[in-house]
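What you see is a predicted model; the values in this text were computed from it and never measured. Throughout, protein chains are lettered first and strands after them, A, B, ... in sequence-line order, and every chain is numbered starting at 1.
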Number of protein chains: 2
Amino acid sequence: MADGRSSSAHSGENLLFLTDEQLRQGIEAMFFAYRGFTADPDRILSDMAYGRAHHRAVHFINRAPGTTVNNLLNILGVTKQSLNRVLRTLIEDGLVESKVGTEDKRERHLFLTEEGRALEQKLSDAQRARMRMAFRDAGPEAVAGFRMVLEAMMDREMRKAYTRLKDGI
Amino acid sequence: MADGRSSSAHSGENLLFLTDEQLRQGIEAMFFAYRGFTADPDRILSDMAYGRAHHRAVHFINRAPGTTVNNLLNILGVTKQSLNRVLRTLIEDGLVESKVGTEDKRERHLFLTEEGRALEQKLSDAQRARMRMAFRDAGPEAVAGFRMVLEAMMDREMRKAYTRLKDGI
DNA sequence: AGCATATGTCAGTGTTGTTGACATTCCAAG
DNA sequence: CTTGGAATGTCAACAACACTGACATATGCT
């Protein structure tokens, strides 16, 4: 982009983008960008008694209403004890509703209450606003590349979870 | 990518990449990818008495040898107490050297020892390996887009710090 | 001399993660 | 029907990493 290297899709080109220096810049870009990525929701959350973990839980419950605790556990990649602490406060505060499964009564299906949806909206509005600006500034081709690289960076399992959510399965 | 939308660089196109659904997918991609991004170094660090904070410190000291504590503080965006805890253990363990400044004797300039460079190498090798695979799988155009979007996502200050490091100033 | 800067340190606190142990509930196989 | 295992919840202890607030020391600048 910024340099004069033509971007033909042929393999066997100079591969300058794979030098250690380029890779290190990619690493630092991830580091700094992730800080920006979480900054806005963090600011909102710090005013309440909630943290980033609550945001994640609320996000994925909103994304897949009725999901089970175990499913959420796999997506978030934390221990059940850690998730349970978060879910308990969210349920106590009336943001999340936990319904016993009809088929398998051991399972709990999680839903956002109206209040929960309000918080999710507030948080994701802030995060989407930043993402929208970044996407707009970079343009559609850059966005496609952004997503390709991120997808390739995920662990196998996470890529599956991501694809499942993306395709609404 | 997956859809049939052509990626002309003209503005005034459909802007499908800015829909809330697309933005949400971008958000989730960041979340899952960051997990992969930190997974390999985390595994190495968990065997030692170190954590992600030590990795960050070692990374940026390696990147800008002789940097001051204050400068590192700004890059990492933590409190001096938090950074100090990390630096103290690294210095005690002989991975980092702290030299009193020659011009301004209040400042401490930080350097990696040979042992420190060895750890940095080990950690960044792992992280670069993943980044290299992701870059290779996605291709040079995607990598350019990846970096453009990340850069646009950073906070002002962080973008400055990133650029400064990138350009070796 | 006095104020600001750079750094270090002590004490307390909060969020988020971990492990380990144990109870409850329920499905399913024998 | 009993038993084993799966899904969930809960308690306790602990560690990493961040925070605030207060204070100390050395140095630099005016």
Side-chain angles (χ1 to χ4, degrees), chain A residues 31 34-35 38-39 41-61 66-93 96-110 123, chain B residues 31 34-35 38-39 41-61 66-93 96-111:
Chain A
F31 172 70
Y34 198 77
R35 286 255 296 279
T38 56
D42 280 358
R43 252 189 299 276
I44 295 171
L45 288 159
S46 71
D47 295 341
M48 324 190 203
Y50 295 136
R52 214 175 277 181
H54 298 83
H55 180 193
R56 291 197 282 259
V58 164
H59 173 97
F60 285 110
I61 293 172
T67 188
T68 64
V69 173
N70 217 21
N71 185 28
L72 199 53
L73 234 39
N74 290 327
I75 288 177
L76 297 176
V78 297
T79 59
K80 61 176 180 172
Q81 293 92 328
S82 202
L83 175 58
N84 194 256
R85 197 189 320 128
V86 167
L87 282 180
R88 193 168 40 210
T89 68
L90 288 173
I91 291 169
E92 278 170 6
D93 297 353
V96 168
E97 210 176 350
S98 166
K99 289 181 183 166
V100 175
T102 49
E103 292 201 357
D104 186 335
K105 291 177 186 168
R106 289 168 303 182
E107 294 179 339
R108 303 299 139 94
H109 298 273
L110 302 168
L123 293 171
Chain B
F31 171 70
Y34 198 77
R35 285 257 294 281
T38 55
D42 280 357
R43 252 188 300 277
I44 295 171
L45 289 159
S46 71
D47 295 342
M48 325 187 204
Y50 297 136
R52 214 175 277 181
H54 299 83
H55 180 194
R56 291 196 283 257
V58 163
H59 173 97
F60 285 110
I61 294 172
T67 187
T68 65
V69 173
N70 222 11
N71 185 29
L72 199 51
L73 233 38
N74 289 328
I75 287 177
L76 296 177
V78 296
T79 59
K80 61 174 181 174
Q81 294 93 326
S82 204
L83 175 58
N84 194 255
R85 194 191 327 126
V86 167
L87 281 181
R88 194 165 44 207
T89 68
L90 289 172
I91 292 170
E92 278 172 4
D93 296 353
V96 167
E97 212 176 349
S98 167
K99 288 180 183 166
V100 174
T102 49
E103 290 201 357
D104 188 335
K105 291 178 186 168
R106 289 170 304 180
E107 295 181 338
R108 301 301 138 92
H109 297 275
L110 303 168
F111 301 88

Check: Any side-chain N or O of B:H54 under 4.0 Å from OP1/OP2 of D:dC17?
Finding: yes
Note to self: How many whole angstroms separate atom NZ of A:K99 from atom P of C:dT25?
What the structure shows: 22 Å
Margin query: Can you tell me how far apart NE2 (A:H54) and CG (A:D93) are? Round to the nearest 0.5 Å.
Written below: 8.0 Å
Check: For the pair made of NE2 in A:H55 and P in C:dT15, what is the distance, rounded to whole Å?
Finding: 17 Å
Note to self: What is the distance, to the nearest angstrom, from the CG atom on A:L73 to the P atom on D:dA7?
What the structure shows: 11 Å
Note to self: Expressed as a whole number of angstroms, how long is the span from A:N71:CG to D:dA6:C1'?
What the structure shows: 16 Å
Checklist line | Any B:L87 side-chain heavy atom under 4.5 Å of B:I61 side chain | finding: yes
Next item on the list: Specify whether A:H55 and A:H59 have parallel, tilted or perpendicular ring planes, treating 30° as the upper limit for parallel and 60° as the lower limit for perpendicular.
Entry: perpendicular
Check: If you check every side-chain atom of B:S82, which of D:dT8, D:dC17, D:dG9 has the closest atom?
Finding: D:dC17
Margin query: Please encode protein proximity along nucleotides 22-30 of chain D as a string of B, S and -, counting only heavy-atom distances under 4.0 Å.
Written below: B---BBS--
Next item on the list: State, yes or no, whether a side-chain contact exists between A:N71 and A:F60 at a heavy-atom distance under 4.5 Å.
Entry: no
Note to self: Quick check: closest heavy atoms across B:T102 and B:K105, and the distance to 0.1 Å?
What the structure shows: O-CG, 4.5 Å
Notebook entry, point to check: Minimum heavy-atom separation for A:R35 to B:L76, with atom names?
Noted result: NH1-O, 3.0 Å
Margin query: Rounding to an integer number of Å, can you tell me how far A:L110 CG sits from D:dA7 C1'?
Written below: 13 Å
Item checked: Residue-phosphate contact under 4.0 Å: A:R56 side-chain N/O, C:dG17 OP1/OP2 -> yes
Next item on the list: Kindly point out which of D:dG9, D:dC17, C:dT19 is positioned nearest to the side chain of A:T79?
Entry: C:dT19
Note to self: Please tell me if B:R88 has a side-chain N or O lying less than 4.0 Å from either OP1 or OP2 of C:dT9.
What the structure shows: yes
Note to self: Looking at D:dT8, I'd like to know if its phosphate oxygens (OP1 or OP2) sit under 4.0 Å from a side-chain N or O belonging to A:N70.
What the structure shows: yes
Checklist line | Rounded distance (Å) that lies between atom C1' of D:dT8 and atom NE2 of A:H109 | finding: 12 Å
Margin query: Which residues in residues 41-52 of chain A have a heavy atom closer than 4.0 Å to any atom of DNA chain D?
Written below: none
Margin query: Whole angstroms only, please: what is the CG-C1' distance between A:N84 and C:dA23?
Written below: 14 Å
Checklist line | Nearest heavy atoms of B:G51 and B:L45, plus distance in Å | finding: O-CD1, 3.5 Å
Next item on the list: Over all heavy atoms of both residues, which pair between B:L83 and B:V69 is shortest? Give the atoms and the distance, please.
Entry: CD2-O, 4.0 Å
Checklist line | Any side-chain heavy-atom pair of A:E92 and A:R88 under 4.5 Å | finding: yes
Checklist line | Separation of atom CG in B:L90 from atom P in D:dC17, rounded to whole Å | finding: 10 Å
Note to self: On DNA chain C, does the nearest nucleotide to B:L87 precede the nearest nucleotide to A:V78 from the 5' side, or the other way round? Give the residue.
What the structure shows: B:L87
Margin query: I'd like to check A:V58 versus A:Y50 (side-chain heavy atoms, cut-off strictly below 4.5 Å). Are they in contact?
Written below: no
